[in-house]
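Each remark here refers to the structure printed beneath this line.
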Amino acid sequence: MKFAQHLKQLMPNPRILFNDEELKEMIARLADDKLGSGLDFNNAWDKILELAESYVEEKEFTVLYPSCSVQLNIPLPLIQLEPVGDPPGYIDYPFWTMYSRAVEERIRILAFAYGVTKEKKFAEKVKEYLLSLSSFTRWFEFPLRGVEGNLSNAHFTLGAAIGFDAIMHTLSTAEKKTIKQAILTKGLQPFRIDFNNHDSHNIIASKQVAMLIGSLAILDNDCRDEVETFILHSCTYIKNYLDSRMKDPDIEGLLYLNVAARHLFMAADTYHRSTGDDQFLQHPYFRYLPDLFMYSLGTGGKMSFVNFSDSFYSLDISYLMAILASKNQNRMASWYVHKFSESHLETLLHAINLPEPLEPDKYYENKRSNIFSTIGWAILRSGWKDRDHLLAFNSSRSAKDHNHFDQNNFIIHVAGEWLISNPGYQDYVEGPRRDFTIGTIGHNSMLVNGNGQSRLGKSKFVDWYTSDHYSFVCGEAAGAYDKSISQWERKIVQIDNSYYLIIDKVAKEDPDSVLSFLFHTTEQINVGDKNMLPGEKTEETHIRFAGEKASVSLYNCYPNDAKKSVEQHKGAEKYGSYLQIVPLDKEQLQYMITMLVPEASNNEFSYSVTRDGSLFQMEVSRLNILDYILVNEESGSVWQTSSNGEIGYQGEQVWVSFQDDSSKLSKLTVVNGNCLKVQEETIFQSSEDMSISAHIDKKGAKIQLELLKNTQILLRTPQPITLLVNNEENLGTYKTEKGMLELQLKPGKYEIELYF
């Protein structure tokens with residue numbers, strides 16, 4: 001990207017939060033209310049205006065710090081915050097981060113209100129903030145560290161840039177000079193320390209974005225030579241950041257991803273508005289990013305997100321979705337804006353030319369599960385409707401400061417409730433709550449002889465597959481432990497968008513080592529009608545995690561001999577209880593199989609498990625459906641036959657489902673295999689190992705194929721009237737004497753539709 005060339009045609013101020021043309025469109029939208037968008041702009045504007053009015057009138061504001069139980073009252077006009085003193089257990093607690101964010105947000109709201117109304121009182125209040133900030137001795141909190149590790153410098157710089165850009169023409173020459181000089185000396189110049197810093201940490205990203213936006217706000221002929229260098233360094237960082245995000249395994253959780261992404265979107269949007277160039281906005285990362293957030297969105301019509309690492313269930317991603325909708329014409333982002341963000345400032349700022357909303361189920365064309373292999377996250381879900389459910393799983397190489405000792409950990413959300421859960425953001429005060437929130441003991445993972453993981457990251461996905469009705473992911477996490485284990489593969493299998501199997505395989509150095517598998521909840525843990533309390537044990541294999549409206553049934557399927565108890569971590573009781581399952585057999589290669597059934601409180605499942613070395617077979621009976629699942633835990637293609645002789649296949653995994661007690665084949669999946677026989681009849685055969693998933697009914701079949709080589713495939717089927725391969729007609733070759741359809745296909749993924 002030719003950044004210097006873009007700066008030669010710089011647009012006039014205002015150009016940071018909005019420009020004059022956008023302001024005209026906003027005012028027109030407010031006059032015409034909805035303009036066919038389905039959004040109530042006047043309602044959003046009324047709330048923003050009310051907030052701006054309150055900011056004009058307030059004589060002080062409050063900043064809350066729930067993590068350390070501190071509340072600061074900030075008097076106005078603003079003066080530099082004096083040292084507060086560290087709360088008990090903390091060193092260098094960053095009070096200025098929330099303090100500076102509160103200032104930035106006030107300036108932002110006031111600047112927008114002034115832009116729309118041109119009322120002097122809003123501009124005067126912005127000016128008061130800007131002149132106050134200009135009088136500060138510094139915009140970072142810890143003098144000895146400078147801007148290193150300080151987010152406040154970024155927030156103050158952003159706030160000053162937004163305010164200066166919006167009210168510049170109302171300022172006197174002396175006021176302009178004072179504020180520009182403050183942005184340059186207190187905001188930009190301390191950022192020189194990061195000129196060649198390409199770390200993806202959210203603080204570094206935020207500072208680099210503030211460097212760009214602060215520079216674009218004050219850039220003119222008077223300071224061009226001095227300021228352009230900040231823009232060029234920042235643009236280089238942003239480009240490298242966006243490129244690296246497509247292949248870098250590091251992720252600090254959705255909270256900090258949202259912080260970094262919000263700032264990057266702000267930079268991309270401002271750069272486009274200032275220069276007319278949209279290459280940042282069109283980067284492939286901004287097509288990947290919404291997928292991660294939307295697959296991680298909870299169900300039940302609630303704005304709740306996966307809280308791996310230092311994160312919270314509640315996140316505000318309105319800014320991201322508004323820009324994606326308006327600038328990149330993302331219809332699913334438009335759906336999010338309409339459903340969750342109608343009253344946000346972002347809706348007013350970025351609702352120009354919103355595309356028609358499209359709900360996630362339709363946007364993703366029923367691709368309900370997604371494997372984010374680069375960062376080691378997987379989301380297996382039944383959909384995005386109110387009664388749907390999702391399981392999120394992580395096995396990651398990321399070892400950043402905000403990550404936890406939680407590899408091969410998972411959580412489950414059902415119909416609006418987190419029923420198997422994480423503690424979320426770590427507690428920084430040394431003690432049991434910190435041990436619990438950052439340690440393995442607080443996550444749905446595994447202890448070895450009572451000890452958790454000793455190294456961050458050191459895990460990865462080793463295998464995965466997704467299809468409409470059968471998906472799985474396998475994580476290897478032994479590297480996160482000491483030498484007590486040499487392997488821990490945890491395989492999560494999602495079957496028919498209905499239930500999950502967790503297959504754990506652990507290679508112990510000492511057969512006598514004790515493994516503890518943990519399942520946490522803040523809800524009730526029930527056995528039958530009894531609510532189990534901490535310290536209680538049970539012999540039952542069916543245990544329920546029961547919320548207010550939904551539940552998850554856990555079945556301890558294998559081994560039969562296991563100790564099950566409900567526990568609580570002393571000193572961290574506020575995070576709920578956990579079920580602990582300890583297999584009692586002394587095997588060096590230890591297996592455990594757990595079945596999880598969302599919304600199963602009234603639908604009892606029955607099952608049986610047989611094992612022959614690494615070969616496992618399960619039969620699961622559910623609501624007039626009979627499932628067979630056969631798995632080779634050595635992950636190689638072998639010939640395996642069900643104990644009743646009904647199913648035979650060559651491959652790594654197979655699932656065969658019979659519908660309505662009629663013994664009629666309904667659905668099937670074979671992973672990395674080349675043959676399936678049901679009741680001695682060959683269902684498919686192929687010249688090379690491949691993966692196949694199929695749904696069959698009276699009218700036809702829908703088949704998904706993944707091929708690694710040129711492959712000849714034979715499929716048992718009536719002669720089809722219509723055959724579509726990736727939506728294109730295909731004749732194939734029908735072998736009448738065998739009753740099989742022959743296809744010759746190249747490597748790739750295929751969607752095949754047959755109509756009889």
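Because only heavy atoms are used, hydrogens play no part in the values below, and waters and symmetry mates are left out as well, while side chains stay in. Just so you know, these numbers come straight off a predicted model, no measurement behind them.
Inspection of the Thr299 and His413 side chains reveals an N or O donor paired with an N or O acceptor under 3.5 Å. No side-chain donor-acceptor contact under 3.5 Å links Arg15 and Thr270. Using modelled atom types and a 3.5 Å distance limit, the side chains of Ser206 and His263 yield a donor-acceptor pair. Looking only at atom types and distance, the side chain of Asp250 has no donor-acceptor partner in the side chain of His201 under 3.5 Å away. Asn422 and Asp406 are not linked by any side-chain donor-acceptor pair at a separation below 3.5 angstrom, with hydrogens and angles left out of the test. In summary, the side chains of Gln80 and Thr137 do present a donor paired with an acceptor at a separation below 3.5 Å, with no hydrogens or angles considered.
Residues Tyr313 and Trp418 place their aromatic rings such that the two centres sit under 6.0 Å apart. Ring to ring, Phe95 and Tyr90 are not that close: their centroids are 6.0 angstrom or more apart.
A salt bridge (charged side-chain N to carboxylate O under 4.0 Å, His left out) check over residues 138-155, counting only residues at least two apart or in different chains, returns the pairs Asp92-Arg145.
Cation-pi geometry between Arg262 and Tyr319 is met: under 6.0 angstrom from the ring centre, within 45 degrees of the axis. Judged by the 6.0 Å and 45° rule, Arg106 forms a cation-pi pair with Phe61. Cation-pi geometry between Lys120 and Phe122 is not satisfied (NZ or CZ under 6.0 Å from the ring centre, within 45° of the ring normal).
Glu417 places a side-chain N or O within donor-acceptor distance of the main-chain N or O of Glu548, the cut-off being under 3.5 Å. Using a distance-only test at 3.5 Å, with no hydrogens or angles considered, a donor-acceptor pair links the side chain of Asn330 to the main chain of Ala333. For the pair Gln71 (side chain) and Tyr65 (backbone), a donor-acceptor distance under 3.5 Å is absent. Distance alone, capped at 3.5 Å, is enough to place a donor-acceptor pair between the Arg434 side chain and the Asp427 backbone.
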Yes or no on side-chain hydrogen bond (donor to acceptor under 3.5 Å, both in side chains) for Tyr114 and Thr170, after CA distance, side-chain angles and deciding distance? CA-CA 11 Å; Tyr114 173 71; Thr170 72; 5.4 Å; no
Start with the C-alpha distance between His443 and Asn409, add both sets of side-chain angles, then the distance that settles side-chain hydrogen bond (donor to acceptor under 3.5 Å, both in side chains), and finish with yes or no. CA-CA 6 Å; His443 297 82; Asn409 164 57; 5.2 Å; no
side-chain hydrogen bond (donor to acceptor under 3.5 Å, both in side chains) evaluation trace for Thr62 with Asn73: CA-CA 5 Å; Thr62 301; Asn73 295 317; 3.1 Å; yes
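Results of the ring pair (Phe, Tyr, Trp, His ring centres under 6.0 Å) test with Trp377 over Phe308, Phe293, Tyr295 single out Phe308 as the only residue that passes.
Using a 4.0 Å cut-off between a side-chain N of Lys or Arg and a carboxylate O of Asp or Glu, Lys47 and Glu50 do not qualify as a salt bridge.
For the atom pair OG (Ser445) and NE2 (His520), the distance works out to 9.5 Å, reported to the nearest 0.5 Å. Taking CD1 from Ile162 and CD1 from Ile109, the interatomic distance works out to 10.0 Å, rounded to the nearest 0.5 Å.
Using a 4.5 Å heavy-atom threshold, the side chains of Met11 and Thr275 count as separate. Taking the side chain as every heavy atom from C-beta outward, Lys180 and Phe164 approach each other to under 4.5 Å.
Classified by interplanar angle (parallel below 30°, tilted 30° to 60°, perpendicular above 60°), the ring pair Tyr336/Phe340 is tilted. Using the six-membered ring where Trp is involved, Phe286 and His283 have ring planes that are perpendicular, over 60° apart on the 30 and 60° scheme.
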